[in-house]
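In this text, all values refer to a predicted model and were calculated from it rather than measured experimentally.
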Amino acid sequence: MRNRIIKLFVVVIALLCSLSQHALGQRRDGFVDLYAVKKHILLPNEYDVFKCKQISDYLVSLYLCETKNDCLINPSNGYEFSYYAIGKVDFKSYWLLLYGQTDGYTLNIYLASYSKKDNRIIAKLRISEDVAGEKVMWYKLNPDKTISIYRNYEIDGEVVMKKETYRLNCTFSRADKVLSKKTHKPLITIDDIEIR
């Protein structure tokens, strides 16, 4: 009788361990499940982030944060960020995820490549920024499977628009520029900055 109870106890423990491992695996996979499957990457006017599923802080910190103290609270104004899962496109070995980040004042849209095998984000690309209703950065999808990102900069009182083009691959490699291995010199030296 005692041996039977011990065997039953061992079987119950093994079953509980198996179920907990399965539940943990599903919770990790729940991140990708938040995104609706799309046939193509959405154009800028095809989404409303506030109608999309919100991503929990836990999943944001697990998958989307690179710098922990910059991803949940906006360091420039102290407002909390909210994240929304907009959509995903299947690229066989990885997903392209489209998600939004907002603090109620600024809305950023990101494109991320997600490895199905490794269960992690490979690379991220900010493709759109809207500050209080004014577009500062926007994107255009090109027929050659690239994405062009346009950004306004204010330089000496004038607004200058710059364009960058990236391939829609898992690393978002630059398509319009060969990246230099040389280091860049800063525009101003540290001696020019007055420290108070």
Exercise. Taking it one step at a time, do Trp138 and Asn152 satisfy side-chain contact (heavy atoms from CB on, under 4.5 Å)?
Worked result: CA-CA 9 Å; Trp138 59 98; Asn152 287 335; 3.7 Å; yes
Problem set entry | Under 3.5 Å donor-acceptor, Arg167 side chain and Arg174 backbone | yes
Problem set entry | Remaining members of the apolar cluster that contains Ile73, side-chain heavy atoms under 4.5 Å | none
Exercise. For atom NZ of Lys145, is the number of surrounding heavy atoms from other residues, nucleotides or ligands below 6.0 Å larger than 12?
Worked result: no
Exercise. What residues, two or more places apart in sequence or in another chain, satisfy disulfide (SG to SG under 2.5 Å) together with Cys71?
Worked result: Cys65
Exercise. Could Glu164 and Lys177 be called an ion pair, given the rule that one side-chain N must be under 4.0 Å from one carboxylate O?
Worked result: no
For this session: Check whether any side-chain heavy atom of Leu125 lies under 4.5 Å from a side-chain heavy atom of Ile147, and answer yes or no.
Result: yes
For this session: Determine, step by step, whether Trp95 and Val32 satisfy the side-chain contact (heavy atoms from CB on, under 4.5 Å) criterion, reporting the C-alpha distance in whole Å, the side-chain angles of both residues, the deciding distance to 0.1 Å, and the verdict.
Result: CA-CA 9 Å; Trp95 290 103; Val32 176; 3.7 Å; yes
Exercise. Considering residues, nucleotides and ligands other than Lys116, do more than 12 of their heavy atoms fall under 6.0 Å from its NZ?
Worked result: yes
Exercise. Which other residues end up in the same hydrophobic cluster as Val159, if Ile, Leu, Val, Met, Phe, Trp and Tyr are linked when side-chain heavy atoms come under 4.5 Å apart?
Worked result: none
Problem set entry | Phe91 CZ: over 12 foreign heavy atoms closer than 6.0 Å | yes
Problem set entry | Rounded distance [0.5 Å steps], CD in Glu129 versus CD in Glu134 | 10.0 Å
Exercise. With a 4.5 Å limit on heavy-atom distance, are the side chains of Leu97 and Phe31 in contact?
Worked result: yes
Exercise. Hey, is NZ on Lys135 packed in by over 12 heavy atoms from elsewhere, all under 6.0 Å?
Worked result: yes
